[in-house]
Amino acid sequence: MGLPPKQTEPEPEPQPEPQIQPQNVPQPEIDYDSEGTDEDDDELATARFKISDDMRREKAYFEELVMLKKLAESKVEDSPSESEDEDDVGYLVAPQHHKRGRGKQKQNNTETEEREATFDVGQQFVNPKTFRKAIIDYSIDKGRNIPFSKNDSTRVCAECEHKDKGCKWRIWASWDRGRRSFTVKTFVSEHTCGRTPIIKKMTSHWIAEHYQNLFKVNPYMRVQDIQETIWLEKGIRVSKDKAARARRRGQALIVGEYKEQYALLPRYAAEILRSNPGNTVKLKLDANVFDRLYLCFEALRKGFLAGCRPFISLDGCFLKGPFGGQLLVAVGRDGNNQIFPLAWAVCEVESTDTWSWFLELLATDLGTSEGAGYTFMSGQQKGLLAAVSNVFPQAESRVCARHVYCNFRGVFGGGLEYRKQFWTIAKSNTVNHFNENIEVMRGISHEAAEDLLKRNYKKWCRAFYTPLSCCDSVDNNMSEVFNAYILSARHKPIITMLEDIREGLMERLHKKRDFIGKKEIMLCPRIQIQLEKHKIWARGWNAYWDGGFCYGVREGATQVKYVVDLNQHTCSCNAWQTYMKAYEFLLEPLNGPQEWPTSDSIVVAPKVVL
């Protein structure tokens, strides 16, 4: 038998693998109303920080990819890819017992003892491959380079690289005669040499397999972070090139899990309906290929209808897995002015078609055909405004003022004077105030004022809102909070992502229910805070009663006056316009995949093929 290839040869370069691709170019800056809004609180501030931080990390990740590409172009291509030895199993499914073990103990092959990578004479292994893996793990664990001096299908021998300097460590294993066991025949365990920080057997393949969970949790993990993690945990230094190859391999390994979970979608949908037939699940396929999935749980639907304002924020966000896609969401407001997620869907792209499909299913769940009595707030996503108009022709439709300002800023710049006056206009409470504030903008720039008047101002200025939704918000901050809420889930395989959202909402529902149940108050906490602010703002105003249900109110000695009607719950200033019921319904738990109903459906594949 010939000798094996030398272990000191350059590590093979993997072939290009599927990896997480940018679905949207991160923007370096988000403009918010510098004066704040009545709804701004710690939850919203935290959401904005998380979103900005994620955008920063994503931007740094793709900048690093560009740098590594330039670095690679300056070097000679290495040899072909290393082979992938084993199939991986998705972490939602119970792992099968397949040949991935390292060394097998004589009497005890527990996983703990395998990981210790210790050896004994007589120790048995399944085959030379598992024996070699055990030596590699030992080499990395002990910080010693241990090359193979014999390495073929019948025998393997490894010796310390410092044998010429007196180190006696050596191991020999071969097949037993008459038995199919690969057995250690010779083992000298003593090292007289010290640890080294450079271990040749720590390949990119080994790093990818052993740190796979890091890539699942943090798909934007920088090369420097990988290097530092390995140094801190193993005391081993790896090059920037090797760390980059390991990250590429790690991302490729989890692609199999993403594909596998698409195949489980029919059973997942069946389990949701088994747990509660009142849940809504719509799985749409296109000739065996995933197209769309809509979810609305009965507990959320009943809670929204019983205790939330008739106000729904619509938004879409990119999914960051290898197959891309969009998550469409409908988020309501509870009586405490906080998010109440209602329904969500996974689809390939945002378009009039996908939004119309989503909104038609939402309309069925809400029991409305044309949206009368509802208010929908959205950004300016492609196809969304047209879909809202088509599906809910009788609903009030609003556009997020922040999206309008971002477009306005692109034309006139982001100067402080423009920004402050824009938000003053957006928050005008009456038509007269709106006209006055537009004239102030005209004094700053005639062109800017005319531009705002062409931007469908009745959909983003408070003066033109109807009071039906009892919500005067001018921006889509509820969707911001929900997007931050699901930020980490957007990188995960489809079912894992959906389960993260559902389980997070299970916990949120009971925490909100317990929180308000312990309070002996007449108003929800955030509403109480808002009321106290208005008490301060009302200093200097005087009220004059008409003897019935109306008051005339005047600001000091000025002629600024409004009429308050207690019977109608209105004020002519247009700024005045059941929390527990929203949270009294329970969102039921689900079984794991091992107990999901079997499905005779065809195997579902992801729509985007890499």
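Source: prediction; values computed, not measured.
Shown here for Ala363 and Val391, the closest heavy-atom pair between the two residues is CB-CG1, 4.4 Å. Taking each heavy atom of Val399 and Gly379 in turn, the nearest pair found is CG1-O, 4.1 Å. Across all their heavy atoms, Ser313 and Met478 have their closest contact at OG-CB, 3.7 Å. Here the shortest heavy-atom pairing between Met377 and Cys400 reads SD-N, 3.5 Å. Here the closest non-hydrogen pair linking Ala426 and Ala401 is CB-CB, 4.3 Å. Looking at every heavy atom in both residues, Ala387 comes nearest to Thr352 through CB-O, 4.0 Å.
Interatomic distance, Arg502 CZ to Glu588 CD, rounded to the nearest 0.5 Å: 7.5 Å. In this structure, CD1 on Ile272 lies 13.5 Å from CD on Glu298, to the nearest 0.5 angstrom. With values rounded to the nearest 0.5 angstrom, Lys511 atom NZ is found 10.0 Å from Arg508 atom CZ. Within the model, atoms NE2 of His403 and OG of Ser378 stand 8.5 Å from one another, a figure rounded to the nearest 0.5 Å. Atom CD of Gln338 and atom SG of Cys308 lie 11.0 Å apart (nearest 0.5 Å). Considering NE2 of His491 and CG of Asp500, their distance stands at 11.5 Å, rounded to 0.5 Å.
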- Chi angles and distances behind the side-chain contact (heavy atoms from CB on, under 4.5 Å) call for Leu283, Phe290: CA-CA 8 Å; Leu283 175 59; Phe290 174 82; 3.9 Å; yes

- Task: Carefully, step by step, assess Asn127 and Arg180 under the rule side-chain contact (heavy atoms from CB on, under 4.5 Å).
- Result: CA-CA 8 Å; Asn127 52 40; Arg180 293 300 293 174; over 6 Å; no

- Query: Checking side chain to side chain donor-acceptor pair (under 3.5 Å) for the pair Glu360/Tyr294: CA distance, chi angles, key distance, verdict?
  - Reply: CA-CA 11 Å; Glu360 286 167 1; Tyr294 170 91; over 6 Å; no

- Message: Run the side-chain contact (heavy atoms from CB on, under 4.5 Å) test on Ile494 and Tyr258 for me, step by step, so that the C-alpha distance in whole Å, both residues' side-chain angles and the decisive distance to 0.1 Å come before the verdict.
- Response: CA-CA 7 Å; Ile494 184 168; Tyr258 284 82; over 6 Å; no

- Query: Run the side-chain contact (heavy atoms from CB on, under 4.5 Å) check on Leu587 and Asn276 step by step: do they pass?
  - Reply: CA-CA 9 Å; Leu587 182 55; Asn276 185 345; over 6 Å; no

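Relative to the six-membered ring of Trp357, Arg292 meets both conditions, a distance below 6.0 Å and an angle of at most 45° to the axis. Within the cation-pi definition used here (under 6.0 Å to the ring centroid, within 45° of the axis), Arg455 does not qualify as a partner of Phe408.
Between the Arg267 side chain and the Pro593 main chain, a donor and an acceptor come within less than 3.5 Å of each other. Within the 3.5 Å criterion, the main-chain N or O of Phe318 finds a donor-acceptor partner in the side chain of Arg490. A distance-only check finds no donor-acceptor pair linking the side chain of Arg249 to the backbone of Ala244 [under 3.5 Å]. Put simply, the side chain of Asn476 gets close to the backbone of Leu314: a donor and an acceptor are under 3.5 Å apart. The closest donor-acceptor contact from the side chain of Glu396 to the backbone of Thr466 lies under 3.5 Å. A donor-acceptor pair is defined here as one N or O able to donate and one able to accept, closer than 3.5 Å; no such pair exists between the side chain of Arg398 and the backbone of Asp475. The backbone N or O of Gln594 sits nowhere less than 3.5 Å from a side-chain atom of Asn591 that would complete a donor-acceptor pair. Listed for the Ser389 side chain is no donor-acceptor partner under 3.5 Å among the backbone atoms of Leu385. Side-chain atoms of Thr354 come within 3.5 Å of backbone N or O of Val349 as a donor-acceptor pair. Checking side-chain atoms of Asp225 against main-chain N and O of Met221 turns up no donor-acceptor pair under 3.5 Å.
The closest side-chain heavy-atom distance from Glu350 to Leu328 is below 4.5 Å. Considering only heavy atoms from C-beta on, Asn279 stays 4.5 Å or farther from Leu295 through its side chain. Annotation: side chain of Leu498 is in contact with side chain of Leu293 (closest heavy-atom distance under 4.5 Å). For the pair Ile501 and Leu327, the minimum side-chain heavy-atom distance is below 4.5 Å. Side-chain atoms of Leu509 and Leu300, non-hydrogen and from C-beta on, do get closer than 4.5 Å to each other. Side chains of Val331 and Trp344 form no contact here, defined as non-hydrogen atoms less than 4.5 Å apart. Looking only at side-chain heavy atoms (C-beta outward), Phe464 and Lys459 stay at 4.5 Å or farther from each other. Counting only heavy atoms from C-beta outward, the side chains of Ile140 and Trp206 approach each other to under 4.5 Å.
For an aromatic pair to be called close, the ring centres must be under 6.0 Å apart, and Tyr374 with Phe392 fails this.
Within a 6.0 Å radius of NZ in Lys284, other residues, nucleotides and ligands contribute more than 12 heavy atoms.
Using the six-membered ring where Trp is involved, Phe323 and Tyr262 have ring planes that are perpendicular, over 60° apart on the 30 and 60° scheme.
Side-chain atoms of Arg333 and Ser473 include a donor-acceptor pair closer than 3.5 Å.
With sequence neighbours excluded, the residues forming a side-chain contact (heavy atoms from CB on, under 4.5 Å) with Ala263 are Val603, listed by chain and number.
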